Amino acid sequence: MPDITLYFLQASRSIRIAWLLEELGVAYRVEAWERENNKAPADFKAAAGTALGKAPVLRDGELTILESGAITDYLVENYDPTHRLLPLDTAQRSKVRQWIHAAEGTFMVHCLAITYARWFSSPSSKTNGDLETLEKGLAINVQKDLDWLEEELQANGGDWLVGKDVTAADTMVAFSVQFIFARGLGGQRGRWKGVDRWLENVEGREAYKRAVEKTGHKL
Ligand SMILES: N[C@@H](CCC(=O)N[C@@H](CS)C(=O)NCC(=O)O)C(=O)O
(Lines give C-alpha, C1' and ligand atoms only; values in the text may rest on other atoms or scores of the structure.)
Protein backbone atom coordinates (compact mmCIF):
# COMPACT_ATOMS: atom_id res chain seq x y z
CA MET A 1 0.00 0.00 0.00
CA PRO A 2 1.48 3.41 -0.95
CA ASP A 3 1.75 5.95 1.85
CA ILE A 4 0.90 9.08 -0.15
CA THR A 5 -0.06 12.50 1.22
CA LEU A 6 -1.01 15.42 -1.01
CA TYR A 7 -0.44 18.83 0.56
CA PHE A 8 -3.22 20.80 -1.04
CA LEU A 9 -3.63 24.57 -1.07
CA GLN A 10 -7.09 25.80 -1.92
CA ALA A 11 -7.73 27.11 -5.39
CA SER A 12 -4.39 25.95 -6.72
CA ARG A 13 -2.53 23.68 -9.10
CA SER A 14 -2.88 21.01 -6.40
CA ILE A 15 -6.07 19.87 -8.18
CA ARG A 16 -3.92 18.54 -11.02
CA ILE A 17 -2.40 15.99 -8.69
CA ALA A 18 -5.63 15.02 -6.94
CA TRP A 19 -7.24 14.39 -10.34
CA LEU A 20 -4.24 12.36 -11.52
CA LEU A 21 -4.27 10.25 -8.33
CA GLU A 22 -7.97 9.57 -8.88
CA GLU A 23 -7.30 8.55 -12.50
CA LEU A 24 -4.59 6.19 -11.30
CA GLY A 25 -6.81 4.76 -8.57
CA VAL A 26 -4.05 5.24 -6.02
CA ALA A 27 -5.01 5.72 -2.36
CA TYR A 28 -3.87 9.04 -0.86
CA ARG A 29 -4.53 11.38 2.03
CA VAL A 30 -5.27 15.06 1.51
CA GLU A 31 -4.01 17.75 3.86
CA ALA A 32 -5.76 20.93 2.72
CA TRP A 33 -5.19 24.58 3.62
CA GLU A 34 -7.02 27.79 2.82
CA ARG A 35 -5.01 30.76 1.62
CA GLU A 36 -4.35 33.80 3.79
CA ASN A 37 -4.11 37.08 1.83
CA ASN A 38 -3.70 35.06 -1.38
CA LYS A 39 -0.71 33.22 0.04
CA ALA A 40 -0.04 29.81 1.55
CA PRO A 41 -0.31 30.13 5.36
CA ALA A 42 2.71 29.57 7.60
CA ASP A 43 1.44 26.21 8.88
CA PHE A 44 1.20 24.88 5.30
CA LYS A 45 4.80 25.88 4.77
CA ALA A 46 5.81 24.21 8.03
CA ALA A 47 3.90 20.99 7.23
CA ALA A 48 5.13 20.83 3.63
CA GLY A 49 8.62 21.25 5.02
CA THR A 50 10.29 23.14 2.16
CA ALA A 51 11.65 26.67 1.97
CA LEU A 52 9.70 27.27 -1.27
CA GLY A 53 6.37 26.93 0.54
CA LYS A 54 4.31 26.38 -2.64
CA ALA A 55 1.65 23.81 -3.43
CA PRO A 56 1.30 21.09 -4.47
CA VAL A 57 3.70 18.97 -2.47
CA LEU A 58 3.51 15.19 -2.57
CA ARG A 59 4.91 12.89 0.04
CA ASP A 60 5.30 9.21 -0.79
CA GLY A 61 6.81 7.45 2.22
CA GLU A 62 10.11 9.21 2.86
CA LEU A 63 10.12 10.95 -0.52
CA THR A 64 9.01 14.61 -0.91
CA ILE A 65 8.35 15.93 -4.41
CA LEU A 66 7.60 19.50 -5.51
CA GLU A 67 6.44 20.97 -8.83
CA SER A 68 3.20 19.66 -10.27
CA GLY A 69 4.93 18.58 -13.50
CA ALA A 70 7.59 16.61 -11.62
CA ILE A 71 4.95 15.07 -9.34
CA THR A 72 3.01 14.06 -12.45
CA ASP A 73 6.13 12.43 -13.93
CA TYR A 74 6.78 10.60 -10.67
CA LEU A 75 3.24 9.28 -10.34
CA VAL A 76 2.92 8.05 -13.92
CA GLU A 77 6.35 6.43 -13.77
CA ASN A 78 5.55 4.59 -10.56
CA TYR A 79 1.79 4.04 -10.45
CA ASP A 80 0.63 3.64 -14.06
CA PRO A 81 1.60 0.07 -14.99
CA THR A 82 -0.50 0.10 -18.17
CA HIS A 83 0.99 3.46 -19.36
CA ARG A 84 -2.47 4.94 -19.83
CA LEU A 85 -1.63 8.45 -18.68
CA LEU A 86 1.81 8.61 -20.35
CA PRO A 87 1.58 6.27 -23.37
CA LEU A 88 4.63 4.29 -24.51
CA ASP A 89 4.15 5.20 -28.17
CA THR A 90 6.89 7.76 -28.92
CA ALA A 91 4.72 10.27 -30.77
CA GLN A 92 2.00 10.25 -28.09
CA ARG A 93 4.50 10.25 -25.24
CA SER A 94 6.34 13.29 -26.58
CA LYS A 95 3.02 15.10 -27.06
CA VAL A 96 1.98 14.38 -23.48
CA ARG A 97 5.34 15.67 -22.26
CA GLN A 98 4.95 18.76 -24.43
CA TRP A 99 1.68 19.57 -22.65
CA ILE A 100 3.03 18.76 -19.18
CA HIS A 101 5.69 21.42 -19.76
CA ALA A 102 3.37 23.85 -21.55
CA ALA A 103 0.95 23.83 -18.61
CA GLU A 104 3.52 25.69 -16.50
CA GLY A 105 6.14 26.96 -18.94
CA THR A 106 3.70 28.54 -21.40
CA PHE A 107 0.14 28.91 -20.05
CA MET A 108 0.92 29.77 -16.42
CA VAL A 109 3.88 32.00 -17.29
CA HIS A 110 1.75 34.08 -19.62
CA CYS A 111 -1.38 34.36 -17.49
CA LEU A 112 0.48 34.97 -14.22
CA ALA A 113 2.19 37.95 -15.81
CA ILE A 114 -1.28 39.54 -15.83
CA THR A 115 -1.99 38.49 -12.24
CA TYR A 116 1.27 40.05 -11.06
CA ALA A 117 0.64 43.21 -13.07
CA ARG A 118 -2.70 43.51 -11.23
CA TRP A 119 -1.15 42.81 -7.84
CA PHE A 120 1.94 44.99 -8.10
CA SER A 121 1.06 47.94 -10.35
CA SER A 122 0.99 51.31 -8.69
CA PRO A 123 -2.43 52.71 -7.71
CA SER A 124 -2.07 55.48 -10.33
CA SER A 125 -1.56 52.94 -13.16
CA LYS A 126 -4.99 51.52 -12.30
CA THR A 127 -6.68 54.84 -12.99
CA ASN A 128 -4.54 56.42 -15.75
CA GLY A 129 -4.94 53.52 -18.21
CA ASP A 130 -1.37 52.17 -17.88
CA LEU A 131 -2.46 48.88 -16.30
CA GLU A 132 -5.14 48.41 -18.95
CA THR A 133 -2.57 48.94 -21.72
CA LEU A 134 -0.16 46.54 -20.05
CA GLU A 135 -2.87 43.88 -19.64
CA LYS A 136 -3.85 44.19 -23.30
CA GLY A 137 -0.25 43.59 -24.35
CA LEU A 138 0.19 40.65 -21.98
CA ALA A 139 -3.13 39.11 -23.08
CA ILE A 140 -1.79 38.58 -26.61
CA ASN A 141 0.38 35.68 -25.45
CA VAL A 142 -2.48 34.07 -23.51
CA GLN A 143 -4.72 34.29 -26.56
CA LYS A 144 -2.06 32.68 -28.74
CA ASP A 145 -1.77 29.87 -26.20
CA LEU A 146 -5.53 29.30 -26.35
CA ASP A 147 -5.53 29.45 -30.18
CA TRP A 148 -2.86 26.75 -30.13
CA LEU A 149 -4.83 24.61 -27.68
CA GLU A 150 -7.97 24.99 -29.80
CA GLU A 151 -6.07 23.96 -32.94
CA GLU A 152 -4.50 20.91 -31.30
CA LEU A 153 -7.79 19.79 -29.77
CA GLN A 154 -9.44 20.01 -33.16
CA ALA A 155 -6.61 18.07 -34.80
CA ASN A 156 -6.99 15.33 -32.16
CA GLY A 157 -10.77 14.94 -32.56
CA GLY A 158 -11.82 17.34 -29.80
CA ASP A 159 -12.29 15.14 -26.73
CA TRP A 160 -8.81 14.96 -25.19
CA LEU A 161 -5.41 16.48 -25.86
CA VAL A 162 -3.59 13.28 -26.86
CA GLY A 163 -5.13 10.07 -28.18
CA LYS A 164 -8.69 9.00 -27.47
CA ASP A 165 -8.70 9.14 -23.68
CA VAL A 166 -7.50 11.31 -20.84
CA THR A 167 -3.73 11.52 -20.32
CA ALA A 168 -1.37 13.47 -18.08
CA ALA A 169 -1.56 16.21 -20.72
CA ASP A 170 -5.17 16.89 -19.72
CA THR A 171 -4.57 16.54 -15.98
CA MET A 172 -1.83 19.21 -16.21
CA VAL A 173 -3.23 21.74 -18.70
CA ALA A 174 -6.86 21.87 -17.54
CA PHE A 175 -6.10 23.85 -14.38
CA SER A 176 -4.09 26.44 -16.33
CA VAL A 177 -7.03 27.12 -18.63
CA GLN A 178 -9.65 27.05 -15.87
CA PHE A 179 -7.51 29.58 -13.99
CA ILE A 180 -7.23 31.87 -17.04
CA PHE A 181 -11.00 31.83 -17.53
CA ALA A 182 -11.92 32.09 -13.85
CA ARG A 183 -9.70 35.15 -13.32
CA GLY A 184 -10.23 36.72 -16.76
CA LEU A 185 -6.50 36.64 -17.53
CA GLY A 186 -6.55 37.43 -21.23
CA GLY A 187 -9.37 35.04 -22.13
CA GLN A 188 -12.93 34.06 -21.22
CA ARG A 189 -15.10 31.03 -21.87
CA GLY A 190 -17.08 31.39 -25.12
CA ARG A 191 -14.35 32.43 -27.58
CA TRP A 192 -12.59 29.05 -27.98
CA LYS A 193 -15.43 26.58 -28.54
CA GLY A 194 -13.22 23.48 -28.68
CA VAL A 195 -11.52 24.48 -25.43
CA ASP A 196 -14.92 24.99 -23.78
CA ARG A 197 -16.03 21.54 -24.92
CA TRP A 198 -12.84 19.94 -23.65
CA LEU A 199 -13.29 21.62 -20.25
CA GLU A 200 -16.81 20.21 -20.12
CA ASN A 201 -15.30 16.75 -20.67
CA VAL A 202 -12.79 17.39 -17.91
CA GLU A 203 -15.33 18.72 -15.44
CA GLY A 204 -17.78 15.91 -16.19
CA ARG A 205 -15.23 13.18 -15.69
CA GLU A 206 -15.88 10.97 -12.64
CA ALA A 207 -12.25 10.96 -11.48
CA TYR A 208 -12.12 14.77 -11.72
CA LYS A 209 -15.38 15.08 -9.78
CA ARG A 210 -14.05 12.75 -7.07
CA ALA A 211 -10.90 14.88 -6.79
CA VAL A 212 -12.96 18.05 -6.40
CA GLU A 213 -15.21 16.40 -3.83
CA LYS A 214 -12.32 15.00 -1.83
CA THR A 215 -10.27 18.21 -1.75
CA GLY A 216 -12.99 20.89 -1.72
CA HIS A 217 -11.29 22.53 -4.71
CA LYS A 218 -13.11 25.63 -5.98
CA LEU A 219 -11.61 28.31 -8.19
N1 LIG B 1 5.56 25.54 -10.73
C2 LIG B 1 4.95 25.17 -9.48
C3 LIG B 1 4.14 26.35 -8.98
C4 LIG B 1 3.71 26.21 -7.54
C5 LIG B 1 2.93 27.43 -7.07
O6 LIG B 1 3.28 28.59 -7.36
N7 LIG B 1 1.86 27.18 -6.31
C8 LIG B 1 1.02 28.25 -5.83
C9 LIG B 1 -0.44 27.82 -5.91
S10 LIG B 1 -1.05 27.48 -7.48
C11 LIG B 1 1.27 28.52 -4.36
O12 LIG B 1 1.60 27.62 -3.62
N13 LIG B 1 1.05 29.76 -3.94
C14 LIG B 1 1.07 30.12 -2.55
C15 LIG B 1 2.10 31.13 -2.20
O16 LIG B 1 2.78 31.66 -3.09
O17 LIG B 1 2.23 31.41 -0.99
C18 LIG B 1 4.09 23.91 -9.68
O19 LIG B 1 3.69 23.64 -10.82
O20 LIG B 1 3.84 23.17 -8.71
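These numbers were taken from a predicted model, which means no experiment stands behind them. For ligands, and for the atoms within them, numbers begin at 1 and follow the listed sequence.
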Q.
Could you check whether Ser68 and Arg13, counting side-chain N and O atoms only, form a donor-acceptor pair closer than 3.5 Å?
A. no
* Do side-chain atoms of Ser14 reach the backbone of Leu9 as a donor and acceptor pair under 3.5 angstrom? -> yes
Contacts table for ligand 1: protein N or O within a distance under 3.5 Å of ligand N or O, distances only.
unit_1: ligand 1; atom_1: 1 (N); unit_2: Glu67; atom_2: OE1; d: 2.6
unit_1: ligand 1; atom_1: 1 (N); unit_2: Glu104; atom_2: OE1; d: 2.9
unit_1: ligand 1; atom_1: 6 (O); unit_2: Arg13; atom_2: NH1; d: 3.2
unit_1: ligand 1; atom_1: 7 (N); unit_2: Ala55; atom_2: O; d: 2.8
unit_1: ligand 1; atom_1: 12 (O); unit_2: Ala55; atom_2: N; d: 2.7
unit_1: ligand 1; atom_1: 16 (O); unit_2: Lys39; atom_2: NZ; d: 3.4
unit_1: ligand 1; atom_1: 16 (O); unit_2: Lys54; atom_2: NZ; d: 2.6
unit_1: ligand 1; atom_1: 17 (O); unit_2: Ala40; atom_2: N; d: 2.8
unit_1: ligand 1; atom_1: 19 (O); unit_2: Ser68; atom_2: N; d: 3.3
unit_1: ligand 1; atom_1: 19 (O); unit_2: Ser68; atom_2: OG; d: 2.7
unit_1: ligand 1; atom_1: 19 (O); unit_2: Glu104; atom_2: OE1; d: 3.4
unit_1: ligand 1; atom_1: 20 (O); unit_2: Ser68; atom_2: N; d: 2.9

Tested for side chain to side chain donor-acceptor pair (under 3.5 Å) against Gln178, the lone hit among Arg183, Glu203, Arg189 is Glu203
**Prompt:** Does any donor atom in the side chain of Thr5 or Arg59 lie under 3.5 Å from an acceptor atom in the other side chain?
**Reply:** no
* Do side-chain atoms of Glu132 reach the backbone of Lys126 as a donor and acceptor pair under 3.5 angstrom? -> no
**Message:** Between Tyr208 and Glu23, do the side chains contain a donor N or O and an acceptor N or O under 3.5 Å apart?
**Reply:** no
